[in-house]
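Only one structure is covered here, and it is reproduced in the block below.
This one's a predicted model, so the numbers in the text were calculated from it and none came from an experiment. First listed ligand is number 1; within each ligand, the first listed atom is number 1.
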Amino acid sequence: MKVLVIGGGAREHALCRSLSLDSDVNALYCAPGNAGIAEVAELRPVDQLDGEAVARLATELHADLVVVGPEAPLVAGVADAVRAAGIPVFGPSGEAAQLEGSKAFAKDVMAAAGVPTARSYVCTTPEEVDEALDAFGAPYVVKDDGLAAGKGVVVTDDREAARAHALGCDRVVIEEFLDGPEVSLFAITDGVTVLPLQPAQDFKRALDGDAGPNTGGMGAYSPLPWADPKLVDEVMASVLQPTVDELRHRGTPFSGLLYAGLAITSRGTRVIEFNARFGDPETQVVLARLRTPLASVLLGAANGTLDSLPPLSWREDAAVTVVIASHNYPETPRTGDPITGLAEVAAQDAPHAYVLHAGTRAEGDAVVSAGGRVLSVTATGSDLAEARDRAYKAVARIGLDGSQYRTDIAAKAAESR
Ligand code: AMP
Ligand code: GLY
């Protein structure tokens with residue numbers, strides 16, 4: 001099978017790595033990719049947001065499957081254009097991707113499907129904003145309605161800061177604060193059948209101890225030793241299947257990856273957000289643990305034949321990923337800094353630890369930073385403590401001027417073992 005992956009982050013590197021290890025895949029392309037993905041896939045330049053261009057490229061390459069990684073092309077309808085060209089595509093239609101593209105749409109779907117989530121108001125005027133802030137009280141949760149790469153959400157005790165963020169958005173969702181640990185649970189679906197993956201936990205804040213601003217995600221681990229073993233079944237029944245059913249009944253079936261961001265509160269599990277694609281960095285740890293070859297599963301979702309696949313098989317291993325970010329991420333990340341130590345990790349830490357590239361590009365023989373999140377250093381081990389150890393050993397070999405990473409990824413979970 002010939003597979004084309006659209007995107008160029010660490011998530012796409014993880015997807016390409018798994019696909020490159022799958023004996024069903026005899027040609028693997030990534031557009032536009034990055035310096036690390038170039039080691040496992042052939043790179044092609046493309047404007048990711050241009051559906052016609054992506055469809056043309058897929059046709060030229062005789063792709064049997066296109067996998068759209070990031071949310072922006074999905075919301076822009078890139079999967080629709082590829083599907084219209086008669087090529088199977090893993091990723092929802094632009095309409096179904098509104099589940100991520102509009103927080104207000106997601107809330108409407110959840111209300112109709114009876115999915116537990118935070119109570120919320122959609123506000124468009126300062127008066128509505130004030131009313132909603134007062135109705136819920138502190139801590140205030142204020143979310144830009146549109147796509148914001150994980151940075152459109154402000155959670156604060158400061159009413160003025162909450163109000164200022166709200167007034168800076170055209171349309172804003174203000175909601176009840178959900179207390180409790182967060183879990184990311186992904187499901188692969190063809191619009192009818194839903195296959196849950198293993199849960200992971202992401203670290204959204206920039207600094208150790210969950211301090212600092214929200215980011216796209218600074219690290220992740222899986223499995224979750226502290227979670228209720230019934231969690232996946234419960235979320236399947238209360239969240240994932242009802243959401244997929246609701247979207248199908250509306251005439252906008254969702255196929256691809258449904259990402260449920262959950263809060264485990266004292267009053268039960270609640271959805272914080274949906275995403276319409278694999279999460280980054282959680283994908284790095286979830287795929288590290290998946291034993292089933294990936295291509296047939298993604299193709300089954302694209303073709304509507306997931307019900308005929310055998311159940312997914314998982315490794316006993318634990319996995320941890322640590323994100324190395326640029327100087328000044330997430331505010332104004334500096335790019336163009338040389339990265340060192342990649343060859344040392346490959347020589348000394350493989351196969352248990354490896355580096356997945358996010359924002360990198362080749363400059364002659366050198367690899368330089370090209371984005372906010374630069375690398376996602378991933379490791380497996382017999383338990384979280386071993387995986388964590390191996391990940392941080394590899395992180396220590398990497399040089400990137402001014403870079404930052406969290407030192408506490410999976411630390412608490414590894415201790416509670
Ligand atoms: P989102 O983009 O909706 O995932 O929000 C980003 C982050 O903000 C989440 O991962 C949470 O850490 C936090 N957050 C969002 N909504 C809530 C909420 N209702 N209560 C508490 N924290 C929240
Ligand atoms: N890790 C959070 C996200 O992918 O949105």
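A tilted orientation is assigned to the rings of F203 and Y221, their planes being inclined by 30° to 60°.
The ligand atoms of ligand 2 that sit less than 4.0 angstrom from a heavy atom of N275 are 5 (O). Near G216, the atoms of ligand 2 lying under 4.0 angstrom from a non-hydrogen atom of the residue are 1 (N), 2 (C). Residue contact check: G279 has heavy atoms under 4.0 Å from atoms 4 (O) of ligand 2. Of all the atoms in ligand 1, the ones that sit under 4.0 Å from a non-hydrogen atom of E182 are 9 (C), 10 (O), 11 (C), 12 (O). Annotation for ligand 2: atoms under 4.0 Å from non-hydrogen atoms of D202 are 1 (N), 2 (C). Under a 4.0 Å criterion applied to the non-hydrogen atoms of E175, ligand 1 contributes the atoms 16 (N), 17 (C), 18 (C), 19 (N). Within ligand 2, counting atoms from 1 as listed, the ones closer than 4.0 Å to a heavy atom of K204 are 2 (C).
Counted within 6.0 Å of OH on Y121, heavy atoms from surrounding residues, nucleotides or ligands total 12 or fewer; the atom is thus considered open. Summarising the local packing, CD of E131 is surrounded by 12 or fewer heavy atoms from other residues, nucleotides or ligands at distances under 6.0 Å.
Only the side chain of N214 comes within 4.0 Å of ligand 1, judged by heavy-atom distances. Only the side chain of V141 comes within 4.0 Å of ligand 1, counting heavy atoms alone; its backbone N, CA, C and O stay farther away. Counting heavy atoms under 4.0 Å from ligand 2, residue R277 touches it through the side chain alone.
The closest approach between any non-hydrogen atom of F278 and ligand 2 is not below 4.0 Å. Remark: distances from the non-hydrogen atoms of K103 to ligand 1 include one below 4.0 Å. Heavy-atom separations between E176 and ligand 1 include at least one value shorter than 4.0 Å. The shortest separation from a heavy atom of P281 to ligand 2 is under 4.0 Å, placing the residue in contact.
Ionic pairing of E363 and R361 is present here: one or more N-O contacts between side-chain nitrogen and carboxylate oxygen are shorter than 4.0 angstrom. Ion pairing between D144 and R171 fails under the 4.0 Å rule for side-chain N and carboxylate O.
The CG atom of N328 sits 8.0 Å away from the CD atom of Q404 when rounded to the nearest 0.5 Å.
Counting heavy atoms from C-beta on, the side chains of S238 and T269 never come closer than 4.5 Å.
With K143 contributing its side chain and E175 its backbone, the two residues share no donor-acceptor pair below 3.5 Å.
Residue contacts with ligand 1: F177 is placed with no nitrogen or oxygen under 3.5 Å of a nitrogen or oxygen of the ligand (distance criterion only).
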(request) List the steps, then state whether side chain to side chain donor-acceptor pair (under 3.5 Å) holds for S222 with R289. (result) CA-CA 8 Å; S222 177; R289 300 186 55 226; 2.8 Å; yes
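Between R315 and R291, the shortest heavy-atom contact is CA-NH2, 4.0 Å.
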